[in-house]
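Every value quoted in this text rests on a predicted model; they were computed, and no experiment measured them. No hydrogens, no waters, no symmetry mates; every other heavy atom, side chains included, goes into these values.
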Number of protein chains: 2
Amino acid sequence: MICLNSELDIPLYRQLSTQIMESLVRGELSTGDTLPSVRALAGDLGVNMHTVNKSYHDLEAKGIIEIVAKKGAVIKAQDQKITTQRLEHLSSEFKPMVVEALLSGMDETKIHTLITNIISTVRED
Amino acid sequence: MICLNSELDIPLYRQLSTQIMESLVRGELSTGDTLPSVRALAGDLGVNMHTVNKSYHDLEAKGIIEIVAKKGAVIKAQDQKITTQRLEHLSSEFKPMVVEALLSGMDETKIHTLITNIISTVRED
DNA sequence: ATTTTTGTTCTATATTAAGTATAACAGATC
DNA sequence: GATCTGTTATACTTAATATAGAACAAAAAT
């Protein structure tokens with residue numbers, strides 16, 4: 001179940017993108033599945049059509065879904081090869097947080113444990 | 001050496017905060033050290049005084065420095081105890097990236113390796 | 001004691017991101 | 001043919017980011 005919170009300082013369209021990606025990780029969504037229409041989902045979530053549309057295009061830019069004009073959005077098959085470019089992108093996004101964690105007094109082992117716990121909660125929730 | 005890039009879609013004040021935190025991790029800055037005045041650093045970096053000021057207050061909010069009015073900004077001693085609250089905050093910030101990494105085809109082991117590499121580059125650079 | 005430097009505060013402006021709102025278009029579906 | 005679809009366009013609001021200039025009062029330097 002998707003649940004958005006406008007009180008958070010995370011944009012609604014990004015909350016939606018993340019939660020759809022989490023559903024994919026959990027296996028609640030699989031390759032070939034069709035996402036609801038932007039109007040239908042916007043109605044369900046109580047947000048504007050354009051907010052959902054932006055999220056879908058966000059997911060398309062990430063290579064997660066494919067939007068077929070005037071038909072709908074379909075989950076794409078995930079590449080199992082990680083490109084060097086993609087790895088560098090992920091690295092630059094992780095870096096500021098790793099620095100923050102280190103300054104909070106966490107060592108490498110504790111950060112690994114944190115990551116492991118996050119993976120567990122994403123898979124179980 | 002601090003280097004800002006206005007072409008990136010990361011705010012200048014946040015780039016500055018992160019790079020100061022990296023200097024701390026590397027040991028180039030230590031508890032008790034004084035940061036340059038907001039005007040001096042702004043002049044060196046070619047940005048506005050208020051941008052540096054915002055970064056300093058960002059670091060103060062994170063508990064990294066202490067700003068003494070009309071004197072300067074000093075590096076605070078870092079807490080070595082991680083509160084549950086802080087851990088949950090870090091967890092919620094890491095989560096969207098962990099999900100992205102998983103969908104990129106990375107498994108838990110590969111994410112751990114990525115984190116290890118990031119820590120190495122931050123400490124050596 | 002005067003000057004300079006300091007962080008702070010205020011006003012102002014410009015740009016961009018985020019979100020909502022409405023409308024119209026044209027292809028796909030029923 | 002009517003409905004649903006993603007798309008596109010315009011318009012508006014709010015907030016974040018960044019720059020700019022000015023003024024204030026306390027600290028530091030001379």
Expressed as a whole number of angstroms, how long is the span from [X]:[atom1] to [N]:[atom2]?
X	N	atom1	atom2	value
B/D58	D/dA18	CG	P	11 Å
A/L8	C/dA18	CG	P	15 Å
B/E60	C/dT8	CD	C1'	12 Å
B/L4	D/dT17	CG	P	15 Å
A/K54	D/dT8	NZ	C1'	16 Å
B/H57	C/dT9	NE2	C1'	11 Å
A/L45	C/dG19	CG	P	13 Å
B/Y13	D/dA16	OH	C1'	8 Å

Check: How does protein contact run along nucleotides 20-30 of chain C, one letter per nucleotide 5' to 3', with B for base contact, S for sugar-phosphate only, - for none, heavy atoms under 4.0 Å?
Finding: BBB-B-BSSS-
Next item on the list: Specify the angle, to 10°, made by the local axes at the two ends of the helix from C/dA1-D/dT30 to C/dC30-D/dG1 when five pairs are taken at each end.
Entry: 30°
Next item on the list: Please assess A/E22 against B/K95 for the test salt bridge (Lys or Arg N to Asp or Glu O under 4.0 Å), listing each intermediate value before the final yes or no.
Entry: CA-CA 10 Å; A/E22 288 180 49; B/K95 189 163 136 187; 3.7 Å; yes
Residues 73-85 of chain B, side-chain donor-acceptor partners within the protein, below 3.5 Å, at least two apart:
unit_1 : atom_1 : unit_2 : atom_2 : d
B/Q78  : NE2    : B/K76  : O      : 3.0
B/T83  : OG1    : B/R86  : N      : 3.0

